Structure formats: C-alpha cells, structure tokens
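Any value given below was found using the heavy atoms of this structure, including those in side chains, with hydrogens, waters and symmetry copies removed. Ligands are counted one by one from 1 in listed order, and the atoms in each one are counted from 1 as well. Computed from a predicted structure; not experimentally measured.
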Amino acid sequence: MKLINHCLPLISILILNSCNIKKTEVSASLKNSYKDDFYMGTALSADQIEEKNAKEDSLICREFNAITAENIMKSMFVHPQKDKYDFTLSDKFVAFGEKNKMFIHGHTLIWHSQLAPWMEKIKDSTEMKAFMKDHITTIVSQYKGRINSWDVVNEALNEDGTLRKSVFLNTLGEDYLVDAFKLAAAADPKVDLYYNDYNLEDPAKREGVIRLVKKIKAAGGKIDGVGSQGHWQLDSPSLEEIEKSILAYSALGVKVAFTELDITVLPNPWDLKGADVNQNFEGNAKMNPYPEILPDSVQTKLAQRYADIFKLFLKHKDKISRVTFWGVHDGQSWLNDWPIKGRTNYPLLFDKELQPKKAYNSVMQLKEAKK
Ligand code: XIL
C-alpha cells in the first residue's frame with residue numbers, strides 16, 4: 001500500500017505527455033472526439049508558436065491535433081529578400097508540431113498576397129522561373145519529411161473561375177501552376193500537395209478548381225488535395241453547395257480539407273446594396289453590433305450552423321482529411337479586423353477568455369450522441 005502511494009506521483013510524471021497534460025486527465029476534446037474522422041486543426045499566431053501564453057498553448061494541445069501557421073510561413077516573412085530566408089519562426093512552428101505529435105501543414109508557397117515587396121517587382125519570365133525554383137525548393141526541402149502537407153498555390157482563381165491576374169500569371173502565364181506543383185513534388189515527393197482558395201462552394205469557382213486540378217494532373221503534376229478555406233457566414237454558403245463541392249473535388253481523386261474555417265456573425269459590407277466596398281466603415285456602430293457580448297439568440301444560431309456543417313463533414317468523413325479553424329479563440333480572429341478594422345467578431349468555438357462556446361458544445365454533441 002505504502003509502496004503504491006509512493007509510486008503514484010512518479011507514474012503520473014512519467015505519463016505526462018509533451019503538452020504537459022496528464023494522459024489520465026485527458027477527457028473529451030475536439031481531437032479525441034473526432035479522432036476516427038479527420039484531423040482537427042487550428043491556425044497559430046507567432047505568439048502561440050513561441051509559447052508566450054501557457055493557457056492558450058495548453059488549450060491548443062488539449063483540443064487540436066493539426067496546426068497551420070497563420071502568417072509566419074508566408075513569403076514576406078520567410079523570404080524577405082532575394083538572397084535571404086528567415087526560418088527562425090517556421091523552425092519553431094515545426095518543432096512545436098513535432099513535440100506535440102501534431103499534423104503539420106505548410107501555408108503557403110505561392111500566393112499573390114503578403115508577398116515580399118521584392119517579389120512583386122519581378123518583371124520577366126526568366127527571373128520569375130528562377131525565383132519559383134529557388135523559393136519552392138528551398139522552403140519545401142527545409143522541412144522535407146517533417147511537414148505533412150503544403151498549400152502549394154493559394155487563391156489563384158477569380159470568382160468566375162478564371163485565373164487571377166498576379167505577378168505569377170503576368171510573367172509566366174498559366175503554366176506557373178503546373179510548375180509550382182512539380183517543383184514542390186520534386187523537393188519532397190512524399191508530402192501532400194494542396195490547392196487552397198476561398199468561396200470554393202460557388203458553382204463558377206468550383207468549376208475553375210476542377211479545371212485546375214485536371215490541368216495539373218494532365219501535365220504530369222502531383223496534386224493531392226483541394227483546401228476550401230471556409231470563411232463562411234451564418235446563412236451562406238448553403239449546405240447543399242458545400243456538399244456538391246466535397247463530392248466534386250473528391251470525384252477528381254483528391255482529398256478535401258477545410259483549411260481556415262470560421263463563421264462571421266457580423267454584417268457584411270458586400271451585402272449592403274449599393275455600398276462601395278472601399279468606403280470606410282471603421283467606427284460605424286451598425287457594422288459592429290456586438291462590441292461587448294454576443295446575444296444568446298446569435299450564439300444559438302452560430303451553434304446550429306456549426307452543428308449543421310459538422311454533420312455534413314461527418315457524412316463525408318471518408319473524403320475529408322482535415323478541418324482547421326482559422327485561429328484558436330475569438331479574441332485572436334483576423335475577422336476582428338477584416339473586412340472592417342476594429343470590430344468584435346465571434347467566429348470560432350472558443351471565446352476570448354478561452355472558454356468553450358455553445359458552438360463548441362454543439363460540435364462535440366454530434367459525436368457524443370453517437371456513442
Ligand atoms: C490572414 C491572417 O489571418 C491575418 O492575420 C493577416 O493579416 C492576413 O491574412 N486567406 C488565407 C490566409 O489564405 O492566409 C489569410 O490569413 C486569410 C484569408
């Protein structure tokens with residue numbers, strides 16, 4: 001008896017996992033409840049990667065088993081000058097994922113936004129070809145065998161499914177897409193390669209993705225998945241369109257991931273008939289209706305919307321590889337500053353005090369009901 005008492009603390013120390021949570025204490029969590037379905041991921045800020053807030057990091061470890069860097073792997077941070085890469089934070093990000101045995105997703109190699117200023121200035125095809133080769137090869141090789149999947153190209157399509165004008169399209173023409181996927185596959189043949197974009201539930205854009213995936217495959221490129229960002233609203237896109245996209249992408253023989261899921265509860269400037277999207281809405285109280293607290297009625301709507309979406313995800317779990325939320329908690333969400341700066345939004349499953357919301361419970365209940 002005495003011996004057992006004496007040994008117990010030691011045993012619990014031995015079973016501490018790398019997230020400093022005793023295994024015996026691990027109870028229901030997103031990652032545990034959905035472990036047989038798909039990865040449950042989150043995007044990490046630089047502070048979270050640097051483990052500056054112990055409470056946030058223990059929540060991340062408790063709930064999620066996949067991570068994406070919200071910003072620090074974008075070209076302006078990782079490749080700020082032509083001859084200079086800065087892997088300081090991305091090395092920490094990958095080490096964080098490895099330490100905590102998480103699925104690690106790389107975001108993103110080729111994107112027209114958050115581009116280092118020197119890249120925007122590239123004018124001719126020879127220089128752009130050399131840039132693409134160096135950029136993709138260097139970054140993918142740096143994490144070869146350690147990163148599980150990459151967003152090779154992000155947001156290359158317009159809303160009508162045509163190719164977006166960008167510095168890449170302007171200098172190289174549409175073959176830049178095929179080249180990007182080939183370069184990534186050459187640098188790490190085993191890593192999963194994704195095309196990632198938003199509004200992928202709109203029929204015209206969906207068709208654009210289908211053309212793109214077929215084109216990459218027909219040209220001998222390797223593409224393993226389509227990432228739908230999932231920056232959604234309370235009433236749109238419809239479940240029907242989400243389902244059509246899941247089916248259409250998986251029919252191409254690629255995985256489907258929801259890579260940046262969040263649901264805004266605030267008025268959308270683009271919905272205001274006749275509104276000039278460029279007009280300044282900052283400080284407009286009508287556009288920021290819940291600065292202190294989210295009314296229970298909206299909280300309930302959000303919970304219902306999340307339940308409906310996850311019910312659909314579960315129906316198609318055989319086609320879905322990962323669902324990642326764009327941030328850990330509401331206080332961190334980019335939707336507090338986009339498309340209008342300085343609002344208070346409530347798009348995620350945890351509030352800014354890190355407490356689970358009704359929406360969290362509704363996502364969890366879908367699994368509990370099945371037990
Ligand atoms: C956003 C980040 O969340 C913000 O912090 C940053 O200021 C701008 O970019 N689509 C993407 C993401 O692929 O990289 C974007 O992330 C959100 C839209």
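Within ligand 1, counting atoms from 1 as listed, the ones closer than 4.0 Å to a heavy atom of Gln229 are 10 (N), 11 (C), 13 (O), 18 (C). Heavy-atom contacts of His107 reach the following atoms of ligand 1: 11 (C), 12 (C), 13 (O), 14 (O) (cutoff under 4.0 Å). Listed by number with element, the atoms of ligand 1 under 4.0 angstrom from any heavy atom of Glu70 are 2 (C), 3 (O), 4 (C), 5 (O).
Aromatic pair Trp334/His231: centroids less than 6.0 angstrom apart. Between Phe313 and Phe310, the gap from one ring centroid to the other is short of 6.0 Å.
Residue contact check for ligand 1: Trp338 places no non-hydrogen atom closer than 4.0 Å to it.
Classification of the His105-Tyr194 ring pair by plane angle, with boundaries at 30° and 60°, yields perpendicular.
Residues Asp188 and Lys190 are not paired through a salt bridge, judged by the lack of any N-O separation under 4.0 Å between the basic side chain and the carboxylate.
Contacts between Tyr198 and ligand 1 below 4.0 angstrom, taking non-hydrogen atoms only, are absent altogether.
For ligand 1, the polar-atom distance check finds an N/O of Glu155 within less than 3.5 Å of one of the ligand's N/O atoms.
Protein heavy atom in closest approach to atom 12 (C) of ligand 1: Glu260 OE1, 3.4 Å. Protein heavy atom at the shortest distance from atom 1 (C) of ligand 1 is Lys74 NZ, 3.6 Å. The nearest heavy-atom contact from the protein to atom 8 (C) of ligand 1 is Gln114 OE1, 3.5 Å. Closest to atom 6 (C) of ligand 1, if we only count protein heavy atoms, is Asn71 OD1, 3.4 Å.
Remark: Asp330 pairs with Lys357 by the salt bridge (charged side-chain N to carboxylate O under 4.0 Å, His left out) rule, at least two apart or across chains.
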